[in-house]
Amino acid sequence: MARVNGEMVIAIDGPSGSGKSSTSRMVATQLGLAHLDTGSMYRALACAVSHAGIDPQDEPDKVIDLAGSADIEVDTRPGHDTLIIDEVDVTEEIRDPRTSARVSAVATIPQVRVLLVERMRDIVEQNDRRIVVEGRDITTVVCPDAQVRVLLVADPAVRMARRARELGEGVDHNQIHDQIVRRDRDDATVSQFETPAPGVTLIDSTSLGLDEVVARVMALAEQVGRRSSWRSAANLTEIM
Ligand SMILES: Nc1ncnc2c1ncn2[C@@H]1O[C@H](COP(=O)(O)OP(=O)(O)OP(=O)(O)O)[C@@H](O)[C@H]1O
Ligand SMILES: Nc1ccn([C@H]2C[C@H](O)[C@@H](COP(=O)(O)O)O2)c(=O)n1
């Protein structure tokens with residue numbers, strides 16, 4: 001397994017449930033990089049908006065104020081997904097289907113995006129640009145200069161089946177449809193994550209296992225490493 005010692009930003013975008021978090025966490029762990037799930041920042045803001053009793057449709061200005069003022073603490077160690085907003089731990093709440101249902105209304109406010117993109121870039125710098133960042137607009141807006149840029153997609157039916165398996169028995173089909181199909185439709189009004197931008201590698205995981213997807217991203221990182229000769233410059237250490 002290879003650990004990167006120099007700068008390495010890996011940007012992964014994709015629609016809901018395409019495997020961004022699972023892939024990013026594994027790649028970051030294997031390469032010794034930090035991991036930033038930018039969707040969790042929008043989710044945390046959606047929680048704070050709901051706690052404050054704000055209706056994003058009727059009161060977008062209040063959401064923008066909160067996006068600017070809220071203290072958002074993200075743990076970027078892979079596998080440590082703690083998220084605290086204004087001293088409230090929302091780590092579990094951000095994964096609640098009610099948050100999934102609400103988050104697009106917050107994430108599609110353009111000024112909210114500007115404010116959160118700034119915070120995301122700060123987190124990338126705080127991690128010395130050694131990080132895997134995942135979301136919808138990372139390859140195009142947040143880190144268009146990333147060394148590795150991937151768009152991870154999968155057929156909607158496959159993504160819905162994976163999500164249903166994850167949520168377990170008794171899960172409502174309409175809820176899964178809302179989390180995947182409706183959310184993509186809303187989110188796509190402000191970000192372009194359906195086709196790869198120039199220079200972005202498309203990985204379709206419809207018939208790929210998670211290990212195969214991870215291997216493909218690792219191969220792209222190795223390629224970049226060879227091109228920029230961080231291997232010969234000894235900033236890639238081989239460890240077993
Ligand atoms: N290649 C794959 N093969 C099979 N299952 C997968 C694969 N990739 C991810 N999964 C599973 O699909 C589900 C969704 O994955 P994950 O949460 O990583 O997606 P995501 O893109 O981060 O989703 P979201 O945008 O909603 O945060 C999880 O249950 C995960 O284990
Ligand atoms: N860079 C990003 C990341 C996320 N979003 C939006 C889209 C989603 O509805 C929501 C939550 O993301 P998820 O946890 O499902 O990946 O946040 C975005 O617009 N841009």
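Atoms within a ligand are numbered from 1 in the order they appear, just like the ligands themselves. Since the model is a prediction, treat every value here as computed from it, not as a measurement. The figures here come from the full heavy-atom set of this structure, side chains too, leaving out hydrogens, waters and symmetry mates.
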Side chain of D178, backbone of N174: donor and acceptor closer than 3.5 Å?
no
Give a yes or no on whether E92 atom CD has more than 12 heavy-atom contacts from other residues, nucleotides or ligands under 6.0 Å away.
no
Looking only at protein heavy atoms, identify the closest one to atom 17 (O) of ligand 2 and say how far it is in Å.
Y42 CB, 3.6 Å
Minimum non-hydrogen distance to atom 27 (O) of ligand 1, winning option of R163, Q179, E212:
R163
Mark yes or no for whether R183, through its side chain, and V103, through its backbone, hold a donor-acceptor pair below 3.5 Å.
no
Any salt bridge linking R149 with D13? Criterion: basic side-chain nitrogen under 4.0 Å from a carboxylate oxygen.
no
Testing the 3.5 Å rule here: is there a donor-acceptor pair between the side chains of E134 and S21?
yes
Identify, for atom 16 (P) of ligand 1, the protein heavy atom at the shortest distance, and state residue, atom and that distance.
S22 OG, 3.5 Å
Show your reasoning for whether side chain to side chain contact (heavy atoms under 4.5 Å, CB included) applies to V112 and I64.
CA-CA 5 Å; V112 165; I64 296 163; 4.0 Å; yes
Assess G209 for proximity to ligand 1: is some non-hydrogen atom of it under 4.0 Å away?
yes
Is R113 close enough to touch ligand 2? Criterion: a residue heavy atom under 4.0 Å from a ligand atom.
yes
Main-chain N/O of A154 paired to R159 side chain as donor or acceptor, under 3.5 Å
yes
Would you say S40 and ligand 2 have an N/O pair spaced under 3.5 Å apart?
no
N/O separation below 3.5 Å, D137 to ligand 2
yes
May I ask you to decide if R129's main-chain N or O and N127's side chain share a donor-acceptor pair within less than 3.5 Å?
no
Heavy atom of S104 under 4.0 Å from ligand 2?
yes
A student checking ligand 2 against A107 at a 4.0 Å heavy-atom cut-off should list atoms 6 (C), 19 (O)
Show your working on salt bridge (charged side-chain N to carboxylate O under 4.0 Å, His left out) between R95 and D37 and close with a plain yes or no.
CA-CA 12 Å; R95 299 296 154 205; D37 172 358; 3.1 Å; yes
Within the structure, is a non-hydrogen atom of G17 found at a distance of less than 4.0 Å from ligand 1?
yes
Contacting atoms of ligand 1, where contact means under 4.0 angstrom from a heavy atom of S21:
18 (O), 20 (P), 22 (O)
Tell me, which protein residue and heavy-atom name are nearest atom 9 (O) of ligand 2, and how many Å apart are they?
D187 OD2, 2.7 Å
With a cut-off of 4.0 Å, which atoms of ligand 1 are near a heavy atom of R136?
25 (O)
Counting only nitrogen or oxygen atoms and a 3.5 angstrom limit, does R136 reach ligand 2?
yes
Hey, are T29 and R77 close enough side-chain-wise for a donor-acceptor pair under 3.5 Å?
no
Geometric N/O contact T23 with ligand 1, under 3.5 angstrom:
no
protein heavy-atom neighbour closest to atom 4 (C) of ligand 1 works out as R162 NE, 3.3 Å
Whether R121 side chain and V142 backbone form a donor-acceptor pair below 3.5 Å
yes
Under 4.0 Å from a heavy atom of R183: which atoms of ligand 1 are those, numbered in the order shown and with their elements?
26 (O)
Residue, atom and distance of the protein heavy atom nearest atom 14 (O) of ligand 2 read R43 NE, 2.7 Å
Atom 12 (O) of ligand 2: of G135, G39, A46, A101, the nearest heavy atom sits on G39
Atom 25 (O) of ligand 1: which protein heavy atom is closest, and how many Å away?
K20 NZ, 2.7 Å
Counting both backbone and side chain atoms, is some N or O of S16 under 3.5 Å from an N or O of ligand 1?
no
For a side-chain contact (heavy atoms from CB on, under 4.5 Å) with C143, tell me which candidate from V117, V124, L36 qualifies.
V124
Is the closest side-chain donor-acceptor distance between R136 and T38 under 3.5 Å?
no
Does any N or O atom in S191 lie less than 3.5 angstrom from one in ligand 2, N or O only?
no
Is the shortest side-chain N to carboxylate O distance from E166 to R163 below 4.0 Å?
yes
Closest protein heavy atom (residue, atom, distance) for atom 9 (C) of ligand 1
G19 CA, 3.6 Å
If we number the atoms of ligand 1 from 1 as shown, the ones under 4.0 Å from a heavy atom of L208 are 1 (N), 2 (C), 3 (N)
R216 side chain to D211 backbone, donor-acceptor under 3.5 Å:
no
So is there a nitrogen or oxygen of E166 less than 3.5 Å from a nitrogen or oxygen in ligand 1?
yes
Just to confirm my output: which protein heavy-atom neighbour is closest to atom 15 (O) of ligand 2, and how far is it?
R183 NH1, 2.8 Å
Does any donor atom in the side chain of S50 or R98 lie under 3.5 Å from an acceptor atom in the other side chain?
no
Does T38, backbone or side chain, put an N or O under 3.5 Å from an N or O of ligand 2?
yes
